[in-house]
Amino acid sequence: MPANKRLLMLPGDGIGPEVMHEVRRVIDWMDRRRAVTFDIAEDAVGGAAIDAIGMPIAEKTVEAAKAADAVLFGSVGGPKWDGLGFDMRPEIAILTLRRELGLFANLRPAVVLDPLVDASTLKPEVVRGLDLMIVRESTGGLYFGEPRGIEELPDGQQRGVNTEVYATGEIERVARVAFELARKRQGRVCSVEKANVMESGLLWRRVVTALHEREFADIGLTHMYADNCAMQLVRNPRQFDVIVTTNLFGDLLSDLASMLTGSLGMLPSATLGAPDTSGRRHALYEPIHGSAPDIAGKGVANPLGQLLSFAMLLRFSFDMAEDADLIERACTNVLASGLRTADVMAPNCAKVGTQVMGEAVLRELDKLAA
Ligand code: IPM
Ligand code: MG
């Protein structure tokens with residue numbers, strides 16, 4: 001008997017717990033129908049943890065995340081905690097997990113599902129069939145570089161400092177993830193930085209080029225400046241297969257790319273660490289959307305981003321591609337049947353809330369698995 005799959009669920013704040021609840025129901029369904037047993041633990045993070053224990057994430061939660069086979073994260077933050085000091089912000093929870101688990105490769109797909117092609121603000125002919133993957137470096141660069149801080153100047157002014165810094169190994173390992181992904185996709189990587197103005201960007205370009213020559217000559221590699229990439233993503237997004245970029249540029253470009261799909265509430269993401277000798281790697285999965293405090297508690301949030309994050313978890317961490325396919329197909333079919341949460345509502349569709357959407361996915365799973 002294989003050991004149970006250890007899953008840590010961190011619903012967080014706002015709509016996080018509401019959409020995570022729908023994942024629970026899919027897990028119960030799998031328990032019954034697919035005979036897979038998960039060993040599930042749950043903990044508070046973000047604002048919920050600040051309220052409970054006075055800090056955004058407990059040391060024991062970090063330890064539980066290290067011990068788990070995979071972490072499913074909801075979303076954190078909200079106006080209630082906006083006034084807190086920088087170290088006490090709910091966002092520290094996710095940044096701490098990325099750092100402590102060494103989750104350096106943040107995979108953010110932007111896929112336009114056929115039933116939702118009209119949800120994009122761009123013309124259907126520009127986005128139809130879009131399937132791109134942004135691989136964002138997520139433990140280095142400007143987010144973590146030293147020196148950092150706000151310092152006092154002799155003349156009474158203050159100065160805020162952050163540092164963009166990348167070492168060869170950090171660039172190589174994230175580029176390797178991108179090249180390996182491209183091999184299973186359309187075989188193209190676009191590496192994005194600002195080598196025209198930043199030394200860290202120049203090094204980035206050299207290291208990616210050298211790795212490509214050494215190990216990935218079968219993959220098509222192009223380079224692009226980040227500002228041009230933002231423009232190209234809006235002009236002709238289908239030119240891209242895999243984009244690999246730095247932490248800050250990846251943060252910006254992935255928000256942009258997600259909106260090409262017109263359905264932020266639908267997109268999952270994965271953040272992976274380095275594989276150990278047995279091939280096991282730390283991994284955290286979360287929807288791209290935030291905690292959406294404006295609609296929290298109303299039961300109207302779209303649960304599909306969280307469900308698809310769970311599908312990604314099954315695929316990457318538990319090697320359960322068949323079950324991942326099943327969940328993804330169920331989500332697409334429900335959308336095709338005309339059910340929509342408010343965020344992706346369209347003419348001639350039926351507007352439903354979080355739970356009804358979740359139930360529709362369960363019914364579809366029943367049908368697909370019959
Ligand atoms: C993201 C978010 C985070 C980031 C915040 C919440 C710290 O915007 O995951 O993209 O900037 O990385
Ligand atoms: Mg972001």
Side-chain angles (χ1 to χ4, degrees), residues 10-16 19-20 44-50 55-57 61-62 65 71-110 132-145 148 160 162-166 170 174 192 226 229-230 233 243-261 263-273 282-294 296 305-306 308-309 312-313:
L10 303 173
D13 308 318
I15 62 171
V19 293
M20 197 69 100
V45 285
I50 294 172
M55 54 207 256
I57 185 163
T61 312
V62 175
V71 179
L72 187 65
F73 194 88
S75 43
V76 290
K80 182 174 176 197
W81 306 282
D82 271 352
L84 295 175
F86 203 69
D87 296 344
M88 278 297 277
R89 295 189 57 85
E91 288 84 350
I92 294 294
I94 184 68
L95 295 176
T96 302
L97 286 168
R98 285 179 193 158
R99 192 186 61 231
E100 293 298 312
L101 274 66
L103 304 172
F104 65 85
N106 185 196
L107 278 45
R108 300 192 156 183
L132 76 83
M133 175 73 90
I134 296 187
V135 179
R136 165 194 181 194
E137 199 291 326
S138 47
T139 49
L142 205 72
Y143 275 55
F144 295 96
R148 66 181 300 158
N162 291 91
T163 305
E164 174 81 351
V165 49
Y166 274 114
E170 290 177 284
V174 73
V192 172
C229 181
L233 272 171
I243 291 175
V244 61
T245 189
T246 64
N247 205 344
L248 181 67
F249 292 149
D251 183 43
L252 305 179
L253 294 173
S254 62
D255 260 32
L256 193 162
S258 69
M259 208 50 218
L260 298 173
T261 72
S263 42
L264 201 65
M266 297 272 318
L267 294 175
S269 75
T271 318
L272 310 176
H282 287 310
L284 177 149
Y285 302 81
E286 58 180 321
I288 296 228
H289 65 69
S291 56
D294 51 321
Q306 192 77 53
L308 293 169
S309 300
M312 218 171 165
L313 179 155

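Start at 1 and go down the list; that is how both ligands and their atoms are numbered.
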### Pairwise distance CG(Asn247) to CG(Leu95) - rounded to 0.5 angstrom
8.5 Å
### Nearest-contact summary for atom 4 (C) of ligand 1 - protein heavy atom, Å
Tyr143 OH, 3.4 Å
#### Entry: Closest protein heavy atom (residue, atom, distance) for atom 10 (O) of ligand 1
Asp251 OD1, 2.8 Å
### Task
Record the part of Glu286 in heavy-atom contact with ligand 1 below 4.0 Å; permitted values are side chain, backbone, both and neither.
neither
### Task
Take every heavy atom of Arg108, measure it against each atom of ligand 1, and state whether any distance is under 4.0 Å.
yes
### Query
Taking N or O atoms only and a 3.5 Å limit, does Glu91 qualify as a polar contact for ligand 1?
no
### Minimum heavy-atom distance Ser258-Leu264, with the two atoms named
OG-CD1, 2.9 Å
### Query
Going by distance alone, is a donor N or O of one side chain under 3.5 Å from an acceptor N or O of the other, for Asn162 and Tyr143?
no
#### Entry: Heavy-atom closest pair, residues Leu313 and Val71
CD1-O, 4.1 Å
### Message
Just verifying a value: how many Å separate Ser138 OG and Arg108 CZ, rounded to the nearest 0.5 Å?
### Response
8.0 Å
### Query
Relative to the heavy atoms of Arg98, which atoms of ligand 1 are at a distance of less than 4.0 Å?
1 (C), 4 (C), 9 (O), 12 (O)
### Task
Please say whether the positively charged group of Arg98, taken as NZ for Lys or CZ for Arg, lies over the ring of Phe73, i.e. under 6.0 angstrom from the six-membered ring centre and within 45 degrees of the axis.
no
### Message
Can you tell me which portion of Arg136 lies within the under-4.0 Å heavy-atom range of ligand 1? Options are side chain, backbone, both, or neither.
### Response
side chain
## Note on the structure
The N/O/S atom of Asp251 lying closest to the Mg ion (ligand 2) is OD1
